[in-house]
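Values below: every heavy atom of this structure, side chains too, minus hydrogens, waters and symmetry copies.
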Amino acid sequence: MLTVRRIARPSKALARALVAGNPPFVRVAGATRALGNIAQADRDTITRLLYSIGTKREVERYLRIFTASSNPSQPAKFAVIKIGGAVLDQLDELALSLSFLYRVGLCPVVLHGAGPQLNEILEAEGVTPDYIDGIRITDAKTLQIARRVFAEENLRLVSALEKLGTRARPIVTGVFTADFLDREKYGLVGKITRVDKRPIEASITAGALPILTSLAWSNEGQLLNVNADVAAGELAKELEPLKIVFLNDKGGLHHGITGEKIDVINLDEEYDSLMKESWVKYGTKLKIREIKELLDHLPRTSSVAIISADSLQKELFTDSGAGTLIRRGYKLFKQSSLDAVGPDRIRQVIHDRDPDVLAGLQSVAGVLTDLKKTPYTIYGDEPFDAIAIVSHPPGEVPVMTKFLPSRNGILNGVIDNVFNAIKKDHRKLFWTARANDENRAWHLERADGSFTRAGRSLFWYGIQDIREVEGVIKVFEDKGRIERIYLPVGPPPPNRSAAPSPSSSTPPTGTRGFSTSALRPTLTGQALGLHTGASRGYATAIEPKRVALVGARGFTGQALISLIDNHPSLALSHVSSRELAGTKLKGYKKSEVTYQALTPNDVKSMEENGEVDAWVMALPNGICKPFVEAIDGAKGKGVIVDLSADYRFEKDWTYGLPELYSRDALRSSKRISNPGCYATSTQLLVAPLLPYLDPVTYPTIFGISGYSGAGTKAGQVDESGLPTTVAKVTAESLGGGVKTYSLTDHIHEREAGHHLSSLLPPGSNAQFKLAFTPSVAPWFSGIISVLSAPLKDSKLRASDIKQLYSERYKGEPLLNVSNLNDVVELRDIEGKHGWRVGGIQVHSSGKRVVVTGGLDNLLKGAATQCVQNLNLSLGLDEFAGIPVS
């Protein structure tokens, strides 16, 4: 469905404001991205001017995405801007718009036509312009005049930019190579065969906007005329920019019947029906067809915008835009069951994007369990760039329980398509979001009303009566469909007994209708059971322990970040990732942390200066030794917890499985090796049975893990230009099946046997042996372990075996013993912080017992166990920061 938006045209003064002080463009010797070196104060000033056309969040989000789109090896990834000849007559406005982009550090590739100017000169010289199929017939005289006109118009634009303090470089020829399109039919008209981007990249690297024409040379040295739209398309195919912008004097495409400007065209969804419309014909049909063919050659992150020169900033930096946005998009779907969508894909989206899951407030399994409590519909697009879940019990107002867009979904407007699909189905809707949600402005624009309470905002549309809103919320709260924090509707009564906290912060503004706002409640001394009078007494503030995470990109690192973010006594002080150095750590709310590329020398210096209380090494096997040696050499007091297998067999290190081995040793240790995930489950299964096992025959363990256990690898860069991390193994690569690997001698087999040997009776010199075989499965996380153990006493019954586990693990809050027949299933352990045992059965011969166990490989198998070890070694409560329940 074509959509039309109302446009508030930005003030021309906005663009002119940038040249008021003619701020200089700052160049740094040796820089590969000269545009990135604009004086920051100047850039900040210009950025603030953008706030007059959109919200601060909108502007900063788009600016961040566009700035990150280019990198030193590919500096021309932001945008290709094609300027129609008619727009060149609006030279001042055009130069201001391009200069604005330059001043905020963005460097588009500019290509212009000169059709009207060329026609005017041709007619003055007695040459009548002639066209076939919209292509200009070009003879030698026409080409001679065209070359002169292109050069003159190019110089005019470059000069106008230079007057504004914006460096620009004229590139009249040298980028395009072409063959004759059809010499007999069109004359000296070219079909582009090659694009040389080196002159463009050299211009950007030197800090100058590249200004191109569409003239091309043949291999034989013949100059050829090429349609500027066609040249812009070929240029875009080579550069693959985020944006391809066509500037024209109409400011967009217009509906042929109503005359209204078309807001968005989603080609995958609308192309076939659009091309059948009676008003889509001639030039309009050709333009849409050419744009579709162009976008079919580009990544789905690319889109085309058709706008006027004075609306360029509004189109690029606001959600509402200004012209016509054309993108490939995807066909939308809506399904009423997880199976119809693909439970693994939904699980992954929730795991990666749900803010409550990322904050550790909910688990993926908990979200999916809640989903089944009422009828629901899942809305989304094919690549899952925007997923929404709407709960709609019969006779009740629907609630959008989850709205989970990706960066691509936001940038390309997929969120609007999905939300519009929901509005078609539901006349009324409620939903919530965090008060500091970076897309808050988007929510506000689509709501009829909202208010904020306890750090969360409630939005709704379709209801205008505030009393009806209050009644609906009461029903929601009574039935547990939303949190019990929103009644009564409106601001909470003021606290008259205490002055406002100076640290209180005002929530984001911009609410409308019945909107009210409330300050986020602070955790007061009274709430903690402390004295809150004027006198401080002997109370002291306990500073959190500073944790440095070396290797934060993997799944385990991300899980650990979430746990530390919600830990009362730990705080991340440093995170290290060579690939992400200089970027902000996402998903961590306690403070702003920036990735660093820490070297062993850096680590040694930090340890010597006492900057870190505990180091967590989340690196692949065999990598962390130089860092550990650097910390040892500093002779500081920092604790190290190593998540790799490197030190699990070292006598000078303490093995960190608190439920089986010495907690006192962990409390006094500064060097802790975190157990492996399979090894943890294996040892917990075997340990209670050690005295009863047949010493002649090995027990065997079959382990099956979600694919996150196979680790990660570097993926493609995202739409922000940052490297991504993806699973080495995926559900798709497994074809929905299970793959067994490391059939013998898996490192966790040796690890489990080595440490279980320490639990053998005193005086026993035997090395305990077991056989272990792992497999990987098409779910994300969670390990199921099946133990088959030979017994030396045939009198043991299943109930006796269960009693052994119950006695051994009594009082352990993270270890759970299920009923005899309750075989451990994925839903019992995925997203949970503990380990579970169950499904105990003794063979009819009495000589063998089979037991199932399981844990989440990223949590109790890694991150949760790491937090236990950190807590013990730092003198904290072992289970602090861990959702024990």
Side-chain angles (χ1 to χ4, degrees), residues 55-57 354-362 366-367 370 373-374 388-391 396-404 419 426 428-528 532 565-566 568 587 589-590:
T55 68
K56 181 178 180 180
R57 290 178 185 272
D354 191 320
D356 292 332
V357 171
L358 293 173
L361 302 176
Q362 276 188 297
V367 173
D370 291 343
K373 294 179 180 178
T374 65
I389 302 174
V390 177
S391 164
E396 297 184 25
V397 175
V399 174
M400 183 165 66
T401 59
K402 296 293 176 186
F403 192 63
L404 308 173
F419 194 78
H426 303 291
K428 301 176 182 178
L429 186 75
F430 280 71
W431 71 98
T432 65
R434 292 190 171 198
N436 60 356
D437 191 306
E438 68 173 356
N439 299 310
R440 178 179 174 82
W442 183 92
H443 292 284
L444 288 168
E445 287 176 2
R446 282 146 188 84
D448 290 336
S450 69
F451 64 90
T452 297
R453 184 75 54 77
R456 294 191 71 86
S457 295
L458 180 70
F459 304 92
W460 67 88
Y461 70 71
I463 301 179
Q464 304 301 323
D465 187 338
I466 193 64
R467 290 169 296 183
E468 183 181 352
V469 170
E470 193 162 38
V472 170
I473 296 173
K474 186 176 188 309
V475 172
F476 287 163
E477 292 192 356
D478 290 344
K479 296 190 175 184
R481 296 184 65 193
I482 62 173
E483 307 99 318
R484 288 182 172 273
I485 59 174
Y486 295 109
L487 289 178
V489 172
N495 182 357
R496 303 183 185 279
S497 62
S501 168
S503 63
S504 299
S505 58
T506 305
T509 59
T511 53
R512 65 169 87 171
F514 307 112
S515 302
T516 60
S517 62
L519 297 179
R520 182 189 296 270
T522 56
L523 195 59
T524 64
Q526 288 177 331
L528 293 170
T532 57
D565 194 30
N566 291 279
K589 303 178 295 299
K590 285 184 177 178

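Remark: R456 engages D356 in a salt bridge, criterion side-chain N to carboxylate O under 4.0 Å. Under 4.0 Å is where a charged nitrogen must lie from a carboxylate oxygen, and between R434 and D437 no such pair does.
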| request: Take V475 and D478, measure what side chain to side chain contact (heavy atoms under 4.5 Å, CB included) needs, and give me the verdict at the end. | output: CA-CA 5 Å; V475 172; D478 290 344; 5.7 Å; no

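Remark: side-chain polar atoms of D565 are not paired, donor with acceptor, to backbone N or O of A359 under 3.5 angstrom. Between the side chain of R446 and the backbone N or O of W442 there is at least one donor-acceptor pair closer than 3.5 Å.
The distance from atom CZ of F403 to atom CG of N439, rounded to the nearest 0.5 Å, is 8.5 Å. To the nearest 0.5 Å, atoms OG (S457) and CH2 (W431) are separated by 11.0 Å. Considering CD1 of I473 and CZ of R481, their distance stands at 12.5 Å, rounded to 0.5 Å. One distance of note links NE2 of H443 with OG1 of T432; it measures 9.0 Å at 0.5 Å rounding. Here the CE atom belonging to M400 is positioned 8.0 Å from the OH atom belonging to Y461, to the nearest 0.5 angstrom.
Considering all non-hydrogen atoms of both residues, S450 and F459 come closest at CB-CD2, 3.4 Å. Considering all non-hydrogen atoms of both residues, R440 and T452 come closest at NH2-OG1, 3.5 Å. Contact between D448 and G462 at its shortest, heavy atoms only, is OD2-N, 2.8 Å.
In summary, of the residues considered (T374, L429, T401), a side-chain contact (heavy atoms from CB on, under 4.5 Å) with V390 occurs for L429 alone.
Taking 4.5 Å as the limit, every side-chain heavy atom of K428 sits out of range of all side-chain heavy atoms of V472. Using a 4.5 Å cut-off on side-chain heavy atoms (C-beta onward), W460 and V469 make contact.
Counting heavy atoms of neighbouring residues, nucleotides and ligands inside a 6.0 Å radius, atom NZ of K474 does not exceed 12 of them. Around atom NZ of K589, more than 12 heavy atoms belonging to other residues, nucleotides or ligands sit under 6.0 Å away.
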